[in-house]
Every structure is written in structure tokens, then in C-alpha cells.
2 protein chains.
Amino acid sequence: MKKETRKQEIVRIAAKLFKSKGYSAVTMRDLATAMGIKAASLYNHIDSKQAILQDIIIDIAEDFTSGMQTIIVGNTNSIERLEQIIQLHVRIAVDSADNLAALNSDWMHLENKLEYYLKLRQDYENNFRKIIETGILNREIASVDPDVLMFSMLSTLRSLYLWIPKKGDVKLDELSYSLSQILISGINI
Amino acid sequence: MKKETRKQEIVRIAAKLFKSKGYSAVTMRDLATAMGIKAASLYNHIDSKQAILQDIIIDIAEDFTSGMQTIIVGNTNSIERLEQIIQLHVRIAVDSADNLAALNSDWMHLENKLEYYLKLRQDYENNFRKIIETGILNREIASVDPDVLMFSMLSTLRSLYLWIPKKGDVKLDELSYSLSQILISGINI
DNA sequence: AACATTAACTAACAAGTGTTAGTTTTTTTG
DNA sequence: CAAAAAAACTAACACTTGTTAGTTAATGTT
């Protein structure tokens, strides 16, 4: 475990602040105060406020993308893949809750990287939908509206970061199990 | 159908802007431009930017509260009540999508009314949880973690406003049906 | 026509915004 | 210890923020 750089520390604290007030409402002076330094000193480590947001969001977005890649190259059926998607979201929500908050709430404030982010999200959803459609075709998944199912699952999974903190010390496996039970057993045939 | 006042028009347009950029990122000059007037002119109709946010959020929050009241005084079983909750969220999401966005994303920017809002939300969730717990006790609902079930349902229902616009002209009844199927049939015994 | 109301305007202010320039202090390294 | 690098500082900039004051134009009502 290498020690985090000063820059990483700033980005981490920024994510925490963004989570509670949103990107636009957090000023560089807020961030500096939270770091115990002056606003101008931040610029020894980071390029701009915008660059911080990019760091936070793109990092997580690519984590989801590579996670999905791993899932779809595996030799697994549709139900197993949905379970793996749940595990992917739980893992990221548990150890990057603050970053996830920014991704969910502040992606629209991305400037240069906005297009790239939207592309990643689009691809992710397309892969997700494909898994569902294949599952329905193969009669592994009940015949429901694929879009409604995907958005229902995604809504829950994307909101995980909001209430995981409330549940105290959540066992990663137990949570994945509870979610699989609720999200999947209802559509399982 | 009475004509909307100028103030209502301002609040409606503000909600639309808040939805796309968030409360903090929308300036009074943005709002004025969208209304085709100057920023100072807004103050002939509204008290402050904060008052607009309060109008938007408290209105919807009370709508949910009274909807929940109607549900829990009815002589219905737990599954029926969950279906009614789904219908409540669908109805509000369909005809107040923009206001819902503010409620979901900008509630933390409430000042005076923050405490009141949190109280309403707390009460709502307590009623929701009670319905689930009663359902499990009465063996109408499968034995799952009540909190996980509630947050799963609430996550989906609270995100409705995000993707209802994408589905084009959604039939209110069809959507409620699809959601009931996906959210409830899995936990039905 | 006279009046009252509604709704717009211009001009400005005080505070807050992200960021830069230049300098000094602290820490690390040879 | 001396040199280099990292990290902090003060001061200021150009611009934007919500909001107020005072005034003018448009609309509706006797």
C-alpha cells in the first residue's frame, strides 16, 4: 500500500465535499479549508476545479466499463451475469461511495470529458440491456419490458452509495446476496 | 383550468433549469434569460432564489405525504398498498418530473425549510417500512430484509423522472403495471 | 380620462468566484 | 550541510453572484 499523494488527498476530500453539497456549491476555498490550507495552495497540486471533477468521475466510469467487460467475456448465463453486475456495483459503492456520488449527481458539469463519459455510460447500458434481452430469449429471465427491468435495477444499484453508509458495517457478500434475492428472484423462472 | 400566474411560470421554468444543471449552477440571470426578461424583474414576482426552491420541493413533498396518508387509511393488504405506492410515484413523476428532480437532487440546499422537508421524508419512509414489515409478518411478502427492499423500491421510484422522458408517451397505467410486475412479483408469495 | 396594478427596465453594490503571480517556508535528497 | 523540490503563503485580478433602489412602460378598472 503506497501512501497517497497530496493530489490524491485533495481529490479524495473534494469528492467528499461534492457528495454533500454538489460540485457547483463547493468552492475552492471550501476545499482548501477542509484541507487546512489556503485556496491558492491547491494549485500547486491540481490544474483546476474542473480537473478534479474529471479525475473523480472518469476514474469510476472506467472502473464500471472494465468490470462490465470482464462480465461479458465470461462463460456464464444471463442470471449469473446479472448477479455479477450486482456484485460490481456493490464493490464500487462500498469502497468509492464519494466518487460515485459525483458520478451520479455532477456528471453534467463535466466539460471536455462530458462526451467521453456519456459514451462510456451508453456502452455500459447497451451491454446491460443485451444481457437482459438474451436472458429473456433463452427463457432464463421472465418476459418483462427489458428497459423497465434495466432501469429498475440500475436505479437501485446507482443509489447504493446513498444508503450503504446508513447500514453501518455492511458485509459486502450479504448485501450482494440480499440484493440478488430482491432484484433477481422476482424475474427468475 | 385557471391560467398560471407569472410567479408560477417562473417557478415552473426554474424547476426545468434546476433539473438540467442543479440549483447552485443556475443563476438568476439564467432564469431571467429563460423567461425573456432581466434578472431584477424576477423580484417583482418572487422573494428570493431560495423561495423558489422551497416552493418546488415542499409542494411535491407534501404531495407524497398526503398520498401516503390516503394509502395507509385504506382498508387494503400490504401488496395492494405497495401497488398504490408505485402508482403514487408514477403519477407524480409523470406530471411533475422537473419538480421531482429538484426534490431528489437539491433538497440539501434548502435553508429554513430543510428540517421540515427531512421530517416529511422520514415520516414517509417510516410508513413505507411499516407496510413492508406488516406484509412480512402477515406472510403476504417474502421474508427479505425490509430495509433493502424499501430502499430498492424507493431507488427505482425516485429515479422514475429520469427516464420517463426517454420512453416517449408513456401510458401511466402500463408503466405502473410493468413496475408492479418487476418490483412486486418477485417478493410475492 | 384618471387611477391603480402589474411587470418590466437601468444601474449599482457588496460579497464571493476560480485562478494567477510572485514569494517564502518546509521537506526531501545527494 | 547544501541544493533541489515540494508545498505553503500573501495579494490581487477579472468576473459573476443574488439582490436592492428607483423609475418607466404596459395593462386593467372605475
Side-chain angles (χ1 to χ4, degrees), chain A residues 1-58 98 102 105-114, chain B residues 1-58 98 102 105-114:
Chain A
M1 47 179 106
K2 334 186 172 74
K3 215 176 86 212
E4 79 181 340
T5 67
R6 195 77 171 130
K7 173 177 171 174
Q8 289 169 332
E9 193 181 353
I10 290 174
V11 171
R12 180 170 55 79
I13 301 295
K16 203 168 115 186
L17 294 181
F18 291 167
K19 183 183 182 187
S20 70
K21 306 170 58 181
Y23 175 75
S24 300
V26 174
T27 72
M28 296 304 274
R29 285 163 181 83
D30 290 339
L31 177 52
T33 301
M35 292 288 301
I37 60 178
K38 300 286 165 145
S41 306
L42 294 169
Y43 289 83
N44 285 316
H45 310 280
I46 52 101
D47 288 338
S48 63
K49 187 186 181 188
Q50 172 68 200
I52 296 178
L53 186 67
Q54 287 175 15
D55 264 28
I56 294 171
I57 292 183
I58 300 300
D98 295 344
S105 305
D106 287 316
W107 58 267
M108 75 287 283
H109 297 119
L110 285 173
E111 292 164 10
N112 295 336
K113 292 283 170 67
L114 176 57
Chain B
M1 46 181 106
K2 336 184 172 75
K3 215 175 85 209
E4 79 180 341
T5 66
R6 196 77 170 128
K7 173 176 172 176
Q8 288 169 332
E9 193 182 353
I10 289 174
V11 171
R12 181 171 53 82
I13 300 295
K16 203 168 117 186
L17 294 181
F18 292 168
K19 183 184 182 185
S20 71
K21 306 170 58 181
Y23 174 75
S24 300
V26 174
T27 71
M28 295 304 275
R29 285 163 180 82
D30 289 340
L31 177 53
T33 301
M35 292 289 300
I37 60 179
K38 300 288 166 149
S41 306
L42 293 169
Y43 289 84
N44 286 315
H45 308 281
I46 53 102
D47 288 338
S48 63
K49 188 186 181 188
Q50 172 69 200
I52 295 177
L53 187 67
Q54 288 178 14
D55 264 29
I56 293 171
I57 292 183
I58 300 300
D98 296 344
S105 306
D106 287 317
W107 58 266
M108 74 287 283
H109 297 118
L110 284 173
E111 293 164 9
N112 295 336
K113 292 284 171 69
L114 176 58

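Remark: Arg12(A) engages Glu4(A) in a salt bridge (charged side-chain N to carboxylate O under 4.0 Å, His left out) (not counting sequence neighbours). Qualifying salt bridge (charged side-chain N to carboxylate O under 4.0 Å, His left out) partners for Arg6(B), counting only residues two or more places apart in sequence or in other chains: Glu9(B). With sequence neighbours excluded, the residues that form a salt bridge (charged side-chain N to carboxylate O under 4.0 Å, His left out) with Asp98(B) are Lys19(B). Every residue meeting the side-chain contact (heavy atoms from CB on, under 4.5 Å) condition with Leu114(B), not counting sequence neighbours, appears here in chain and number order: Trp107(B), Leu110(B), Leu118(B). Evaluation of the side-chain contact (heavy atoms from CB on, under 4.5 Å) rule for Ser48(A) yields Gln50(A), Ala51(A) as partners, not counting sequence neighbours. Legend: residues meeting side-chain contact (heavy atoms from CB on, under 4.5 Å) with Ile13(B), ordered by chain and number and at least two apart, are Leu31(B), Ala34(B), Met35(B). Looking at residues two or more places apart in sequence or on another chain, you find a side-chain hydrogen bond (donor to acceptor under 3.5 Å, both in side chains) between Ser24(A) and His109(A). In this structure, the side-chain contact (heavy atoms from CB on, under 4.5 Å) partners of Thr27(B), at least two apart in sequence or on a different chain, are Arg29(B), Asp30(B). Shown here are the salt bridge (charged side-chain N to carboxylate O under 4.0 Å, His left out) partners of Asp47(A), two or more places apart in sequence or in another chain: there are none.
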Please enumerate all protein N or O atoms sitting under 3.5 Å from an N or O of nucleotides 27-29 of chain D, with distances to 0.1 Å.
none

Pick out the pairs of N or O atoms, protein on one side and nucleotides 5-9 of chain C on the other, that lie under 3.5 Å.
{"residue": "dA7(C)", "atom": "OP2", "partner": "His45(B)", "partner atom": "ND1", "Å": "3.4"}
{"residue": "dA8(C)", "atom": "OP1", "partner": "Arg6(B)", "partner atom": "NE", "Å": "2.9"}
{"residue": "dA8(C)", "atom": "OP1", "partner": "Arg6(B)", "partner atom": "NH2", "Å": "2.5"}
{"residue": "dA8(C)", "atom": "OP2", "partner": "Arg6(B)", "partner atom": "NE", "Å": "3.3"}
{"residue": "dA8(C)", "atom": "OP2", "partner": "His45(B)", "partner atom": "NE2", "Å": "2.9"}
{"residue": "dA8(C)", "atom": "N7", "partner": "Asn44(B)", "partner atom": "ND2", "Å": "2.3"}
{"residue": "dC9(C)", "atom": "OP2", "partner": "Lys38(B)", "partner atom": "N", "Å": "2.5"}
{"residue": "dC9(C)", "atom": "OP2", "partner": "Ser41(B)", "partner atom": "OG", "Å": "3.0"}

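Listed for the Lys49(A) side chain is a donor-acceptor partner under 3.5 Å among the backbone atoms of Val26(A). Looking at Ser105(B), its side chain never comes within 3.5 Å of a backbone N or O of Ala102(B) through a donor-acceptor pair.
When the P atom of dG18(C) is taken as reference, atom CG of Leu42(A) falls 10 Å away, rounded to whole Å. A straight line from CD of Glu9(A) to P of dA6(D) spans 17 Å, rounded to a whole angstrom. The interatomic distance linking Lys7(A) (NZ) with dA6(D) (P) rounds to 14 Å, in whole Å. Nucleotide dG18(C) holds its P atom 16 Å from the CG atom of Asp47(A), rounded to whole Å. In this structure, Tyr43(B) places its OH atom 16 Å from C1' of dT10(C), rounding to the nearest Å.
Sorted by residue number, the members of residues 17-31 of chain B with any non-hydrogen atom under 4.0 Å from DNA chain D read Val26(B), Thr27(B), Met28(B), Arg29(B).
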